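Computed from a predicted model, the values in this text were never measured in an experiment.
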Amino acid sequence: MSALVESAPAGEETFILPPTIMERLDYPTIFGEARPVELELGAGDGSFLLEYARLNPDRSFVGVERLLGRLRKIDKKARRQELDNIRVLRLEASYVVDWMIPRNSLDAIHVYFPDPWPKRRHWPRRLVNAAFTQLTHKALKAGGVVHLRTDDESYFAQMQEVYEANPLFRREPTPETLLAVKTDFEKDFNAKGIPTRSGSWRSVG
């Protein structure tokens, strides 16, 4: 995993280049000031991250993505739009949540359209599972929220099942202002008549 950090291009303003992946992130150092922090796992092309950060300048956003080319595009767009509240990190999502996010530090976690691994034998590879609910609870502040979206019916059923089974979370309606900010993938799916399945769960433990 360290190679993923080392290969990130130096010089891009939004890239988090930690000296080690064995220590948790220091938000005030990364962003230059203390603000509420939200995390997007699987930021993709940044269509959600960039727009939501623009609409919420009083919050800081960390986007996690494995593909370097996508992160470079986010960086360029963030600098072009003069968004100083975005940082990106190139690492595997569950590792970041488990080992790099400070405990009880996030106001929200966003996971939108993760790989559904549609074949049943591949379902154990899905990001959102029972263990993931525990990781997100540790990373969220008390009262923090995890927001999930997918176009895959079976994956959404799994998402609901694992979060409903965890007594440390309570389901609540997703704010309409949040639902209005769509990813480019989501827009394409919706244009083809494929609905978005979404849910939000608040940490209550």
Side-chain angles (χ1 to χ4, degrees), residues 4-5 8-68 70-114 127 132 135-149 172 174-175 177-184 200-203:
L4 292 175
V5 174
E12 274 90 344
E13 296 178 7
T14 65
F15 276 82
I16 298 173
L17 297 172
T20 173
I21 60 171
M22 303 304 294
E23 296 179 2
R24 300 192 185 277
L25 300 178
D26 183 337
Y27 302 138
T29 297
I30 291 170
F31 289 97
E33 60 181 295
R35 293 181 292 210
V37 180
E38 302 191 16
L39 174 72
E40 184 183 14
L41 300 176
D45 63 0
S47 49
F48 169 81
L49 183 66
L50 291 159
E51 178 63 9
Y52 204 57
R54 184 186 67 82
L55 294 172
N56 295 273
D58 58 335
R59 291 177 172 264
S60 296
F61 296 88
V62 176
V64 176
E65 174 59 52
R66 289 292 299 269
L67 298 179
L68 182 57
R70 290 179 175 177
L71 293 181
R72 280 181 164 146
K73 289 181 180 178
I74 295 173
D75 170 72
K76 290 179 181 178
K77 291 178 180 179
R79 286 187 285 121
R80 188 181 306 129
Q81 298 177 38
E82 298 183 345
L83 298 174
D84 65 355
N85 59 338
I86 290 179
R87 298 292 183 272
V88 293
L89 179 63
R90 187 186 179 213
L91 274 174
E92 193 273 326
S94 59
Y95 181 88
V96 171
V97 178
D98 197 8
W99 296 103
M100 299 195 72
I101 296 298
R103 294 291 186 243
N104 310 120
S105 68
L106 295 173
D107 280 57
I109 297 173
H110 305 267
V111 185
Y112 298 147
F113 302 92
L127 174 64
F132 185 76
L135 293 182
T136 52
H137 180 262
K138 291 177 182 178
L140 288 166
K141 294 178 180 178
V145 187
V146 57
H147 301 288
L148 306 175
R149 296 184 200 174
E172 62 178 41
T174 304
T177 52
L178 178 58
L179 290 173
V181 183
K182 298 179 180 290
T183 73
D184 284 350
S200 298
W201 285 266
R202 185 174 296 278
S203 171

Look at the aromatic rings of Tyr112 and Phe48 and report parallel, tilted or perpendicular, splitting at 30° and 60°.
-> perpendicular

Determine, for Arg103 against Asp98, whether the closest basic-nitrogen to carboxylate-oxygen distance falls under 4.0 angstrom.
-> yes

Working to the nearest 0.5 angstrom, can you tell me the gap between [X] [atom1] and [Y] [atom2]?
| X | Y | atom1 | atom2 | answer |
| --- | --- | --- | --- | --- |
| Thr183 | Phe113 | OG1 | CZ | 5.0 Å |
| His110 | Leu41 | NE2 | CG | 10.0 Å |
| Lys73 | Leu50 | NZ | CG | 12.5 Å |
| Ile109 | Ser200 | CD1 | OG | 12.0 Å |
| Arg70 | Leu49 | CZ | CG | 13.5 Å |
| Leu89 | Leu25 | CG | CG | 6.5 Å |

Can you name the nearest heavy-atom pair linking [X] to [Y], along with the distance?
| X | Y | result |
| --- | --- | --- |
| His147 | Ala108 | CD2-CB, 4.3 Å |
| Leu179 | Arg149 | CA-NH2, 3.6 Å |
| Val111 | Phe132 | CG2-CZ, 4.0 Å |
| Val62 | Val37 | CG2-CG1, 4.3 Å |
| Val97 | Ala139 | CG1-CB, 4.1 Å |
| Leu91 | Val96 | CB-CG2, 3.6 Å |

Less than 4.5 Å apart, any side-chain heavy atom of [X] and any of [Y]?
| X | Y | value |
| --- | --- | --- |
| Ile21 | Tyr95 | yes |
| Val145 | Leu140 | no |
| Ile101 | Leu106 | yes |
| Ser94 | Leu127 | yes |
| Ile30 | Ile16 | yes |
| Arg66 | Arg90 | no |

From the list Lys141, Arg87, Arg59, salt bridge (Lys or Arg N to Asp or Glu O under 4.0 Å) partner of Glu38 resolves to Arg59

Greater than 12 external heavy atoms within 6.0 Å of [X]'s [atom1]:
| X | atom1 | result |
| --- | --- | --- |
| Lys182 | NZ | yes |
| Glu33 | CD | yes |
| Glu23 | CD | no |

Ignoring hydrogens and geometry, is there a side-chain-to-backbone donor-acceptor pair from [X] to [Y] under 3.5 Å?
| X | Y | result |
| --- | --- | --- |
| Asn56 | Tyr52 | yes |
| Asp58 | Arg35 | no |
| Asp107 | Gly144 | no |
| Glu65 | Leu71 | no |
| Asp184 | Ser47 | no |

Do Tyr27 and Ser60 meet the criterion of a side-chain donor-acceptor pair at a distance under 3.5 Å?
-> no

